[in-house]
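Data first, discussion second: the structure below is written as structure tokens.
Just so you know, these numbers use all the heavy atoms, side chains as well, and skip hydrogens, waters and symmetry mates. The chain is numbered in sequence order, starting from 1.
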Amino acid sequence: MAAERAVVDECRGVLFVYSDGAVERKAAPGFPTPVRDDGSVEWKDCVFDAARGLAVRLYRPRERGGGRLPVFFYYHGGGFCIGSRTWPNCQNYCLRLAAELGAVVVAPDYRLAPEHRLPAAFEDAEAALLWLASQARPGGDPWVAEVADFGRVFVSGDSAGGTIAHHLAVRFGSASGRAELAPARVAGYVQLMPFFGGVERTPSEAACPDDAFLNRDLNDRYWRLSLPAGATADHAFSNPFGPGNPDLAAAEFAPTLVVVGGRDLLRDRAVDYAARLAAMGKPVEALEFEGQQHGFFTIDPWCAASGDLMRAVKRFVDTDGGAARLDD
């Protein structure tokens, strides 16, 4: 008699991995979130990789004035295992970004683990950025090409999306990388509570309560499902400073803002990341939001702290990465 199939891994009621290797996904998130769309922003979907069925959701303010708008990428989070550009929490945040930054917002999807382990998400993220660059050339979609300032592209991401932003900064952080994107140019990166890992626990990981939005068990599960089979959390995909991993000193970072939550399990890794890169002379700064948990700005995009973050990101964009802190 065949053994009964059982769930061996589950992520937020959306992803189920079974003992026979089968994977089941729910189309919608496990938490109900209404979309708050007041009509001030228009949006549409556009395929950027037909072979893999991958699309971006594009947003732009309806009232735009006469000038071109900066481009702001937003790669969603979800531990590389769950999430979508179509989820209401992503939609709400992108609507607010487009309205308050006065930007063309680009929200790509990417392949998810465990069906597609890393580096699949990084490869898809590169493809989305290169697709955007292609819109600046003859034949680009007028919806983007006639509005966007391709010389002012900002790449951001939330959690796993923040890790994607790091990898894109390294991937295109050279003369040859910048040439691939031409005539588009990345003016800055915004890592929103980036999802970094490591074998040795940090104090913020060790102290994280079990009822946190992102706790140790879920954190470890995401890495187990998304890293290459047999890899540890010190792999270069998860730990930029892991033993034997490539040296980041040679990478030419664009100005980078690393957003940190004071109550986030990932706090210490983000602070350490920013400090190490700054010590190498990279234009990287951390901005910490005291008392805030992981993903606070998508859990409640209209809370006071989310408003403070939006103003900091707007300053970063308006100054081409020159300033972000509200008290500067």
(message) Using side-chain heavy atoms (C-beta onward) and a distance below 4.5 Å, is Trp43 in contact with Gln91?
(response) yes
(request) Give the minimum heavy-atom separation between Glu10 and Phe16, together with the two atoms involved. (result) CG-CE2, 3.6 Å
(message) I'd like to know whether NZ of Lys44 has more than 12 heavy-atom contacts from other residues, nucleotides or ligands below 6.0 angstrom.
(response) yes
(message) Does the plane of the ring in Phe154 sit parallel, tilted or perpendicular to the ring in Phe316? Use 30° and 60° as the thresholds.
(response) perpendicular
(request) Report yes if the side chains of Leu54 and Pro108 come closer than 4.5 Å at any heavy-atom pair, otherwise no. (result) no
(message) With salt bridge (charged side-chain N to carboxylate O under 4.0 Å, His left out) as the criterion, how do Arg276 and Asp272 come out once you've worked through the C-alpha distance, each side chain's angles and the decisive distance to 0.1 Å?
(response) CA-CA 6 Å; Arg276 288 202 197 194; Asp272 178 70; 3.0 Å; yes
(message) What I'd like to find out is whether the side chain of Arg25 reaches to under 4.5 Å of the side chain of Ile82, using heavy atoms alone.
(response) yes
(request) Is it possible for you to say whether Val155 and Leu58 belong to one hydrophobic cluster, with membership spreading through side-chain heavy-atom contacts below 4.5 Å? (result) yes
(message) Please check: side-chain N/O of Arg5 versus main-chain N/O of Gly21, any donor-acceptor pairing under 3.5 Å?
(response) no
(message) Between Leu101 and Pro70, is there a side-chain heavy-atom distance shorter than 4.5 Å?
(response) no
(message) Distance to the ring centre below 6.0 angstrom and angle to the axis at most 45 degrees; does that hold for Arg12 and Phe213?
(response) yes
(request) Check the pair Thr202 / Arg269 against side-chain contact (heavy atoms from CB on, under 4.5 Å), numbers first and verdict last. (result) CA-CA 7 Å; Thr202 66; Arg269 293 196 185 277; 3.7 Å; yes
(message) To check you understand the geometry: which heavy-atom pair defines the closest contact between Cys208 and Ala212, and what is its length?
(response) SG-CB, 3.6 Å
(request) Determine whether Leu132 and Val144 make a side-chain contact, defined as any pair of heavy atoms from C-beta on separated by less than 4.5 Å. (result) yes
(message) Tell me the closest heavy-atom pair linking Leu69 and Gly102, and the distance in Å.
(response) CD2-O, 3.5 Å
(message) Apply side-chain contact (heavy atoms from CB on, under 4.5 Å) to residues Tyr74 and Arg85 and explain how you reach the verdict.
(response) CA-CA 9 Å; Tyr74 176 75; Arg85 77 187 193 285; over 6 Å; no
(message) Between Ser226 and Leu118 (side chain of the first, backbone of the second, donor and acceptor by atom type, cut-off under 3.5 Å), is there such a pair?
(response) no
(message) Donor-acceptor check, side chain of Gln135 to backbone of Asp141, threshold 3.5 angstrom: yes or no?
(response) yes
(message) Looking at every heavy atom in both His235 and Pro228, which two are closest together, and how far apart are they?
(response) NE2-CG, 4.1 Å
(request) Indicate yes or no for a side-chain donor-acceptor contact from Thr298 to the backbone of Asn89 under 3.5 Å, with no hydrogens or angles considered. (result) no
(message) One pair to check against side-chain contact (heavy atoms from CB on, under 4.5 Å): Leu218 and Arg221. What are the steps and the verdict?
(response) CA-CA 5 Å; Leu218 186 57; Arg221 195 179 316 155; 3.9 Å; yes
(request) Say whether, by atom type as modelled, one donor and one acceptor occur between the side chain of Asn239 and the main chain of Asp234 under 3.5 angstrom. (result) no
(message) Below 30° counts as parallel, above 60° as perpendicular, anything between as tilted: where do the rings of Phe80 and Trp223 land?
(response) tilted
(request) Group every Ile, Leu, Val, Met, Phe, Trp and Tyr by side-chain heavy-atom contacts under 4.5 Å, then state whether Phe253 and Leu257 land in the same group. (result) no
(message) Looking at Ala182, is its backbone amide N or carbonyl O close enough to the side chain of Arg137 to form a donor-acceptor pair, meaning the two atoms are under 3.5 Å apart?
(response) yes
(request) Give me the ring orientation class for Tyr273 and Phe196: parallel if the planes are under 30° apart, tilted from 30 to 60°, perpendicular past 60°. (result) tilted
(message) Could you check whether any side-chain heavy atom of Leu277 comes within less than 4.5 Å of a side-chain heavy atom of Thr256, counting everything from C-beta outward?
(response) no
(message) With ring pair (Phe, Tyr, Trp, His ring centres under 6.0 Å) as the criterion, how do Tyr189 and His166 come out once you've worked through the C-alpha distance, each side chain's angles and the decisive distance to 0.1 Å?
(response) CA-CA 8 Å; Tyr189 292 86; His166 159 75; 9.4 Å; no
(message) Looking at Lys282 and Ala249, would you say the former's side chain and the latter's main chain have a donor-acceptor pair under 3.5 Å?
(response) yes
(request) Show your working on ring pair (Phe, Tyr, Trp, His ring centres under 6.0 Å) between Tyr75 and Phe73 and close with a plain yes or no. (result) CA-CA 6 Å; Tyr75 291 94; Phe73 269 79; 5.6 Å; yes
(message) Working note: Asp109 + Arg52, criterion salt bridge (charged side-chain N to carboxylate O under 4.0 Å, His left out); need CA distance, chi angles, decisive distance, verdict.
(response) CA-CA 11 Å; Asp109 272 336; Arg52 291 172 173 159; over 6 Å; no
(message) For the backbone of Pro61 and the side chain of Arg64, can you confirm whether one donor and one acceptor N or O come within less than 3.5 Å of each other?
(response) yes
(request) Could you check whether the rings of Phe289 and Phe296 sit parallel, tilted or perpendicular, using 30° and 60° as the cut-offs? (result) tilted
(message) When you compare the side chain of Phe297 with that of Asp158, does any pair of heavy atoms fall below 4.5 Å?
(response) yes
(message) When you compare the side chain of Leu15 with that of Leu225, does any pair of heavy atoms fall below 4.5 Å?
(response) yes
(message) Please give me the minimum heavy-atom distance between Arg68 and Ala148, naming the atom from each residue.
(response) NH1-O, 2.7 Å
(message) Other members of the hydrophobic cluster containing Trp302, with the 4.5 Å side-chain heavy-atom rule, please.
(response) none
(message) Using the rule that Ile, Leu, Val, Met, Phe, Trp and Tyr join whenever any side-chain heavy atoms are under 4.5 Å apart, tell me whether Leu309 and Ile299 fall into a single cluster.
(response) no
(request) Output yes when a side-chain donor or acceptor of Asp264 lies under 3.5 Å from a complementary backbone atom of Ser204, and no otherwise. (result) no
(message) Is there a continuous path of hydrophobic side-chain contacts, each under 4.5 Å between heavy atoms, that joins Val271 to Val190?
(response) no
(request) Say whether, by atom type as modelled, one donor and one acceptor occur between the side chain of Arg216 and the main chain of Glu205 under 3.5 angstrom. (result) yes
(message) Going by salt bridge (charged side-chain N to carboxylate O under 4.0 Å, His left out), name the residues that satisfy it together with Arg117, two or more places apart in sequence or in a different chain.
(response) none
(request) Quick one: closest heavy-atom pair of Pro209 and Asn215, and the distance? (result) O-CB, 3.7 Å
